[in-house]
Amino acid sequence: MAHDLPKAYDPTAIEDHWAAYWVREKLFAVETPAANPTSGREAASGSSAQPAFVILLPPPNVTGRLHMGHMLNQTEIDILTRWWRMSGRRALWLPGTDHAGIATQMMVERQLAEEGSSRQQLGREKFVERVWEWKRHYGGAILEQMKRLGVSVDWSREYFTMDEPRSLAVREAFVRLYEQGLIYRGAYIVNWCPRCQTAISDLEVVYDEHKGHLWEIRYPVLGDGGTETGEFITVATTRPETMLGDTAVAVHPEDARYPLHGKNLRLPLMNREIPIVVDPWVSPEFGTGAVKVTPAHDPNDFALGERHHLPSINVMDETAHINTAGGAYAGLDRYAARKKIVHDLEAQGLLAGVKDYTYNVGHCDRCKTVVEPRLSTQWFVAVNKKAESRGASLAELAIAAVKPDADGKKAIRFTPEMYEKTYLNWMENIHDWCISRQLWWGHRIPAWHCAACGKITVARENPLACAHCGSEKITQETDVLDTWFSSGLLPVSVFGWPKITPETRADFDAFYPTNLLVTGFDILFFWVARMIMLGCWFAGDVPLADGRPRPLADSVPFREVYIHALVRDANREKMSKTKGNVIDPIEIVKKYGTDAVRFTLASMASPGTDIAFNVARTEGYRAFANKIWNAARFIFMNVDKAAEVGIKVDASALGSMPTVTEDAPLEARWIVAELHATAAKVNESLENYRFDDAANIIYQFFWGSFCDWYLEIVKLRLDFSDSSDKTKTRDALTTLVSVFEAALRLLSPFMPFITEELWYAVYDGSPPAKSIALTKYPTANKNQMDGHVRNQMTYLADLIIETRAYRKDRQVPENELVDLYLVGLGGYGKAGSSFESADNVIVENEVVIKKLAKVATITETLLGDPNYEHLSWRPTRLTDIAISYGKPIDVAAERERLTRDIAKYERGLAAAERQLNNDAFLRKAPPQVVEGLRKQESETRTLLDKARAALAALPQDSKP
RNA sequence: GGGCGGUUAGCUCAGUUGGUUAGAGCGCCUGCCUUACAAGCAGGAGGUCGCAGGUUCGAGCCCUGCACUGCCCA
């Protein structure tokens, strides 16, 4: 074995090496099963008969840098993927990046600005080429960071949302939806970002509370002949500049204050006549009960305008400056216009009042500019429209995929379950999806406008002529598609859809639907919901491998969704660049090691709650890695010592789950039982996405059980002297190494680096597989989870702990031995009690007790033996103990301790008795609960009696 | 305005269908360089589970109300 490990674990010394090795050896590549079914390649692919575990990486933006959210996401996916792979599944994890329309375009535009240029100067074609260039140079840095983290993805299947296969999928999806009548183009109010100069979807608008003003403006009422009557209607608005585009004022039909139906008003500043319309949508309670109507700049007003056939006057350009429709205000920025308009109204005596008013203002998710609702012509997906071919709408299908059917079955299951409700609530109230963006970087919409007939041609192949009139004067639509349109197609497009060649067909059959999606709730609607809509829709057209039509349950893009939380800083604040509290995972990784950071995230990943990332935890898990490292050093040291005297570990015991025979020493039987129990709990936890439980259980096993107890005891069995029993020593060593080896496998999905390194060392650099990641994950055998052995060990450990504590209270120096006396075992050693063979445990493990509790001799006495009455006896839950030590006891301290114990016992006893005296309890509670309480009561009573006696027996002064 | 969470030790968090005396890590206190590990070992202190009611033999867990707090949607 390579046994010259340094004393302290240095993750940086090994992690780069293994990260590169895993990529270089293509360890996690999964071949397309049918393409090469008899491949002998030694990868995780295994045989095609194995069930698959398929998962997509939520594609980070191609401009992205790794942040803690990514790291949490990838840690969770990697743990599950490694776990399933080791559990015998063909585990396929597909990586890739998203072209991220607005974000990437912004990045390159900024670069151009620094050069004193702009995209307009460059022109569309050159600009797009420039972005590709940027992408080749700087894009995908995040994937390199991922490699450093050791994620077990199949790099041979890397995708990019604008590569050729994905572009093909986008075009096919668009054309198909258009043909099905589910994509339309029209003029509607959209959220417009004046900085990005594009429309954005409802989801890309984030709302912030804003302290602004509510201006009340008086609109003069006109009488017959168009003269002002001297009456006014007062309207209120937070955006006075939009009044330039007002085309009506609306009131509720039953509002008695306004018997003015059919009358006109004079729109101030513009001097335009506008009608008063009545509409039940107007709330009479709000403000004055009269609202100005600006159909071109407010979605509600737009709908109202449609109902009343009002004209729409767009008064702002793409940059939110007033356009020529704004008369005297043309050319002013929206806020300058607002100021001037308020000023002018006041000057004309038409400003009725100004109130402070707090309301929500929408900002562009990308650049935080205040969004302007604005009438413009855009492309939409009609998500609620039934397609004849399906008899359902996109949304209906996406609802059916998540809602339990008549048998309570769900095609897609959410964890935590509450997200199912959130999803359904959104999907049931979904609006049409604005998919066009006025950007240059993205999938250009495959539609051509005809200059001759004005109609639109949508086609899979670039057309040469208008499909309607044959004119060749056609130009392609300049808009591109929403980024999420292409990422929403990924579950089908990564497996070759829509191109169904024999090869991609095999991929699709083998890997679609994916098993799981792991992502944050922040993209539940952006991405998860869209994948469900588009996945169900398009996969539904692909028959199953045997030719049968594909049911909904197999059309879904994934069968399960696990939603994780946000990573916040240690004070639960959202990490943000402006706050300066961003924790860079790469920096933390460099400092503490990838394994420690991964373990931190896993151990804190409780479903439903955000993670307050605390480096103190990471420090703790670096210490954990160091602990394992040193356990390995200890083990290897002994393996080497053994080799010198010709003792070798039984190699056949490695690589599976260790077992022990009945005659093995207690600690060996116990640690094997613990290992099996731990494996059982870890597997169960991972099945339920309880990364935190799984991590904590392994931590407790490795540190609390294996190191603290087992290693300390096994030291006594590793006797390499001439007089030793070689067989026993070899068995002890074999159990030691095989349990450690299995524990490494158990830990490996969580801490892949250190486990790889030490696993190689266990096999002296020549392990039976290329990586620990390709070995078998430990599973429990119930026969090896011996509860009796675990009780015996608990007894032994408790006795040692009690003795240590008593030594401490007596202020015995650490390195001095004492004589230990025991009494009262009778109550615990009896058949049927948990500590049935307690006496045997003491006899058989005398040497253990002596070593771990620093005891010279152990004497068992009978209760009340006068020979030992002079000692200071301490009652414990197990047995009374006393130690003989030259120094007097601290009577005051002992009295205080006993008094505290007595109070505690009295409280416990009173509580137990209250219940046991309650007939209803005895009648209704399950027998084992009653029995348990009886036992507890009697034990507590015994302890109480003994503690009282001990207190009474305390001398006025001290005795030994 | 509608909806969904959270409130447990100094801090960050577990606590599965209600069941015996509520756990972990970090921090804190005390003592130890015990031959794998001071990134360690040993021992210890620390909680009326946000508040008030209710259901129940029994409530951290279920119900109602309140307070504080976070998020999503409009």
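Here is how names work: the chains are called A, B, and so on, in the same order as the sequence lines, proteins then strands, and each is numbered from 1. Hydrogens, waters and symmetry mates are skipped; everything else that's a heavy atom, side chains included, is used. As the structure is a computational prediction, the values presented were derived from the model and not from experiment.
- With hydrogens and angles ignored, a donor-acceptor pair closer than 3.5 Å exists between the side chain of A/K627 and the base of B/C37.
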### Summary
In 5'-to-3' order, the base (B), backbone-only (S) or no-contact (-) status of each nucleotide in nucleotides 2-8 of chain B, using a 4.0 angstrom heavy-atom cut-off, is --S----
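- Along RNA chain B, the nucleotide nearest A/A616 and the nucleotide nearest A/F624 are compared for position; the residue whose nucleotide lies closer to the 5' end is A/A616.
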### Task
Map every base of RNA chain B to its dot-bracket character, where paired means a Watson-Crick or G-U wobble contact with both distances under 3.5 Å and | marks a partner outside the strand.
(((((((..((((.....[...)))).(((((.......))))).....(((((..]....)))))))))))).
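- Heavy-atom distances under 4.0 Å link RNA chain B to A/C707, A/D708, A/L711, A/E712 of residues 704-712 of chain A, given in residue order.
- A centroid separation of less than 6.0 Å is found between the aromatic rings of A/Y562 and A/F691.
- Atom name P, nucleotides B/A45 and B/G5: the rounded distance is 38 Å, in whole Å.
- Closest to the side chain of A/K715, from the set B/A39, B/A36, B/G19, is B/A36.
- For A/K7 against B/A36, no side-chain N or O and base N or O form a donor-acceptor pair under 3.5 Å.
- Here the separation of B/A14 from B/A52, taken at their P atoms, is 24 Å to the nearest Å.
- Residues A/E814 and A/D919 each lie close to RNA chain B; by heavy-atom proximity, the contact nearer the 5' end of the strand is made by A/E814.
- Residues passing the salt bridge (Lys or Arg N to Asp or Glu O under 4.0 Å) test with A/E687: none are found, sequence neighbours excluded.
- For A/R622, there are no salt bridge (Lys or Arg N to Asp or Glu O under 4.0 Å) partners at least two apart in sequence or on another chain.
- With distances taken from any side-chain atom of A/Y699 to the nucleotides B/U34, B/U20, B/C26, the minimum falls on B/C26.
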Donor-acceptor pairs are to be reported for all side-chain atoms of residues 695-709 of chain A against protein atoms at under 3.5 Å, with residues two or more places apart or in another chain.
{"unit_1": "A/N696", "atom_1": "ND2", "unit_2": "A/D692", "atom_2": "O", "d": "3.1"}

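- Every residue was checked against the side chain to side chain contact (heavy atoms under 4.5 Å, CB included) condition with A/A643, not counting sequence neighbours, and none meets it.
- Minimum atom distance to the side chain of A/F921 is reached by B/G19, of the listed B/U21, B/U12, B/G19.
- The separation between A/L922 atom CG and B/G58 atom C1' is 12 Å, rounded to whole Å.
- In this structure, of B/C37, B/U30, B/G19, it is B/U30 that holds the atom nearest to the side chain of A/K808.
- Contact annotation: A/R923 does not reach the phosphate of B/U56 (side-chain N/O to OP1 or OP2, under 4.0 Å).
- Within the 4.0 angstrom heavy-atom criterion, only backbone atoms of the sugar-phosphate kind lie near A/A805; the bases stay farther away.
- Remark: A/K403 pairs with A/E428 by the salt bridge (Lys or Arg N to Asp or Glu O under 4.0 Å) rule, at least two apart or across chains.
- Between the P atom of B/C71 and the OH atom of A/Y423 lies a distance of 25 Å, rounded to the nearest Å.
- Every residue two or more places apart in sequence or in another chain that forms a side chain to side chain contact (heavy atoms under 4.5 Å, CB included) with A/E757 is listed here: A/I14, A/W18, A/W629.
- For A/M637, whose side chain is taken as the heavy atoms from C-beta onward, the closest listed nucleotide among B/U12, B/A39, B/A36 is B/A36.
- A/N638 comes within 4.0 angstrom of nothing in the nucleic acid, heavy atoms only.
- Under the salt bridge (Lys or Arg N to Asp or Glu O under 4.0 Å) criterion, A/K850 pairs with A/E846, sequence neighbours left out.
- Ion pairing between A/R807 and A/E802 fails under the 4.0 Å rule for side-chain N and carboxylate O.
- When side chains are defined from C-beta on, A/L718 counts as touching A/F634, because their heavy atoms get closer than 4.5 Å.
- If you take atom P in B/G50 and the same atom in B/U16, they sit 14 Å apart, rounded to whole Å.
- If you take NZ of A/K681 and P of B/G15, they are 15 Å apart, rounded to a whole angstrom.
- Residue contacts shown for A/S603 are absent, as no nucleic acid heavy atom lies under 4.0 Å away.
- Between A/R804 and B/G43, a side-chain N or O to OP1/OP2 separation shorter than 4.0 Å is present.
- Atom-to-atom, CD1 of A/I698 to P of B/A24 comes out at 19 Å; the value is rounded to the nearest Å.
- Residues meeting the side chain to side chain contact (heavy atoms under 4.5 Å, CB included) test with A/V205, sequence neighbours left out: A/N191, A/I200, A/Y207, A/V371.
- In the displayed structure, A/K590 atom NZ is contacted under 6.0 Å by at most 12 heavy atoms of other residues, nucleotides or ligands.
- Remark: P of B/A42 and OH of A/Y806 are 22 Å apart, rounded to the nearest angstrom.
- Checked for salt-bridge contact, A/E674 and A/K681 miss the test: no charged N lies under 4.0 Å from a carboxylate O.
- As judged by a 4.0 angstrom heavy-atom cut-off over every strand, A/Y621 is placed among residues making no nucleic acid contact.
- Comparing B/G10 with B/C49, their P atoms sit 13 Å apart, to the nearest whole Å.
- Of the C1' atoms belonging to B/C37 and B/C32, the separation is 15 Å, rounded to the nearest Å.
- Spacing between atom CG of A/D522 and atom P of B/C73 amounts to 11 Å, rounded to whole angstrom units.
- Residues A/H564 and A/E76 have side chains that bring a donor and an acceptor to within less than 3.5 angstrom of each other.
- Of the candidate nucleotides B/G19, B/C71, B/A36, B/C71 has the atom nearest to the side chain of A/F521.
- With C1' as the reference atom, B/G19 and B/U64 are 24 Å apart, rounded to whole Å.
- B/A24 and B/G15: their C1' atoms are spaced 10 Å apart (whole Å).
- Here, B/C66 and B/U30 have their P atoms 48 Å apart, quoted to the whole Å.
- Nucleotide B/G43 holds its C1' atom 11 Å from the CZ atom of A/R807, rounded to whole Å.
- Per the geometry, CG belonging to A/N696 stands 17 Å off P belonging to B/U12, to the nearest Å.
- Legend: salt bridge (Lys or Arg N to Asp or Glu O under 4.0 Å) pairs involving residues 627-638 of chain A, not counting sequence neighbours: none detected.
- For A/R690, whose side chain is taken as the heavy atoms from C-beta onward, the closest listed nucleotide among B/C72, B/A14, B/G43 is B/A14.
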